[in-house]
Amino acid sequence: MEDENEKYAKELEVAVRIVHVACALCGKVQEKLLATEVVSKEDDSPVTVADLSVQAITSWLLSKTFGIQNVSIVAEEDVETFSKDDSTGLLEAVVDAVNESLDSASMYGLQSPETTLETSEVLEAIGRCSSTGGPSGRHWVLDPVDGTLGFVRGDQYAVALALIEDGKVVLGVLGCPNYPVKTEWLNYHYQYHETTSQLSPTTPDVWGKGCVLYAKRGSGEAWLQSLFPADKTQEWSNHARLIRVSSVDDPALATLCEPVERANSNHSFTAGLAHSVGLRKQPLRVHSMVKYAAIARGDAEIFMKFAKSGYKEKIWDHAAGVVIVEEAGGVVTDAGGRPLDFSKGTYLEDLDRGIIACSGVTLHEKLIDAVYASWDSSNL
């Protein structure tokens, strides 16, 4: 019988290493993107390159480690993207990024391919990510680049990888390439950091530009590692520190984390709730699943998301973040106070109104009560 502490240990270790490789890949693509003077709003190709390349390397590395027949992956992108008329350049860029990235996988203690992957092998790796999850079996859940807008603007985004077994999230890894290790740098925009790092080559290490957070279900622990600078030639050191949620339980002292985009979230309802509960501090508006990271690390206390009607939450946008916040000591439920259900396929079905993540039970209960009190008068 496998010792409970050892259960999923190998899977977690491999997932953490894969997310480090993926973050390095995304960092390079984002750097190239920011080096071009003007980025057209319509041109989503750089983020598509990152998305598809991360999906390919994750699929290839998981299959190499655990065997193709043992790996089921639920992910956002599919090979249909390449069926458009003008996709030749995109495919070439993806194949190049994948091979460059996998070449460095051995620095993270993973197996690099013996020879360069052919285009067909890259397409095959992406195509294998076609599982739809469900209540039984083991499924890896990947969001290759969560926070497209943040990525394009040189701001926050995340790489999220989780493992679901029999409908339950058993581990989660969240790579946040532009989320500084030191919280005090959070208020400075990433591009300010970019200008300073051009002045001094040592700056990125001082800033601790990015981090990877991870947790295993039932361990009661969540961990943080600094991202390994991509230009370093020595081996990656697998060093981590424990993180905990904030102990603040007074709403007047709590910080609310909310989405930047208004498109798929109801900001006005959230603002009304925040006011009725007594939140007074300026909200922290952050792209992507980095909001879960902010709560797990103690940089914010509350994250609420009430989708506009018709919008369905996808499992890859939440799986990794939820398990990390919970193991760091936080609480995540729907607005009715029920745990999120990851067993229904690619969507969080039967979600009661929205999602509320908190650093502790006291704040969480106050918010759930406020939802019940104000829902009837809401404009959702």
Side-chain angles (χ1 to χ4, degrees), residues 15-35 39 46-58 61 76 97-98 100-101 104-105 107-108 142-162 172-183 185-198 203-214 223-232 236-240 243 257 260 284 286-294 296-297 299 316-317 320-321 324:
V16 168
R17 289 165 191 244
I18 288 174
V19 170
H20 273 279
V21 177
C23 287
L25 185 161
C26 288
K28 284 184 179 166
V29 175
Q30 195 186 47
E31 258 169 49
K32 279 185 198 158
L33 167 68
L34 297 175
V39 179
V47 73
T48 309
V49 170
D51 262 328
L52 291 162
S53 303
V54 167
Q55 198 153 305
I57 65 163
T58 303
L61 290 165
E76 192 166 17
V98 166
E100 187 186 344
S101 175
S104 68
M107 281 167 56
Y108 298 89
L142 171 71
D143 194 339
V145 177
D146 182 47
T148 308
L149 206 54
F151 183 87
V152 172
R153 289 175 178 171
D155 205 335
Q156 301 295 342
Y157 66 98
V159 176
L161 182 61
V173 186
L174 204 49
C176 308
N178 293 334
Y179 192 0
V181 173
K182 288 192 164 53
T183 304
W185 293 118
L186 193 59
N187 296 329
Y188 291 87
H189 192 270
Y190 166 65
Q191 282 175 324
Y192 169 75
H193 158 220
E194 283 298 285
T195 55
T196 58
S197 64
Q198 283 158 13
T203 321
D205 288 335
V206 177
W207 280 71
K209 188 178 118 178
C211 59
V212 173
L213 291 77
Y214 59 92
W223 298 86
L224 178 143
Q225 290 183 334
S226 293
L227 266 189
F228 184 65
D231 53 356
K232 288 286 168 72
W236 167 65
S237 72
N238 190 9
H239 176 72
I243 51 171
C257 221
V260 178
L284 185 65
V286 184
H287 293 277
S288 83
M289 243 189 287
V290 173
K291 291 179 274 291
Y292 283 115
R297 283 177 39 162
D299 294 337
W316 51 71
D317 286 330
I324 292 167

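What you are looking at is a predicted structure, and each value in this text was computed from that prediction instead of being measured.
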Under 30°, 30 to 60°, or over 60°: which ring-plane class applies to Y157 and F151, parallel, tilted or perpendicular?
-> perpendicular
Main-chain N/O of L227 paired with K209 side-chain donor or acceptor, under 3.5 Å | no
Stepwise side-chain contact (heavy atoms from CB on, under 4.5 Å) check, V212 with L174 | CA-CA 6 Å; V212 173; L174 204 49; over 6 Å; no
How far apart are the closest heavy atoms of P180 and Q156, and which atoms are they?
-> CD-NE2, 4.4 Å
Closest approach of A240 and Q225, non-hydrogen atoms and distance?
-> CB-CG, 3.6 Å
Backbone N or O of S101 within a donor-acceptor pair of the S104 side chain at under 3.5 Å?
-> yes
Atom pair CG/CD1 of L213 and I324 - distance to nearest 0.5 Å = 5.5 Å
Just do the salt bridge (Lys or Arg N to Asp or Glu O under 4.0 Å) check on D299 and R297 with the steps written out, would you?
-> CA-CA 6 Å; D299 294 337; R297 283 177 39 162; 3.3 Å; yes
Any side-chain heavy atom of P144 within less than 4.5 Å of one from V159?
-> no
Polar side-chain atom of D146 near backbone of A158 as donor-acceptor pair, under 3.5 Å = no
Atom pair OH (Y214) and NE2 (H20), whose distance is rounded to the nearest 0.5 Å | 7.5 Å
Test ring pair (Phe, Tyr, Trp, His ring centres under 6.0 Å) applied to Y292 - qualifying residues, sequence neighbours left out = F303, H318
What is the minimum heavy-atom distance between V54 and C26, and which atoms define it?
-> CG2-SG, 3.6 Å
Value rounded to 0.5 Å, distance of CD in E100 from CG in L25 = 7.5 Å
Calculate, to the nearest 0.5 Å, the distance between atoms CG and CG belonging to D155 and L149 respectively.
-> 8.5 Å
Gap between atom CH2 of W223 and atom NE2 of H239 - 0.5 Å precision = 9.5 Å
Testing V98, D143, L142 for side chain to side chain contact (heavy atoms under 4.5 Å, CB included) with Q55, which one passes?
-> L142
Shortest non-hydrogen contact from A50 toward V29 | CB-CG1, 4.2 Å
Roughly how far apart are N178 CG and C23 SG, rounded to 0.5 Å?
-> 9.5 Å
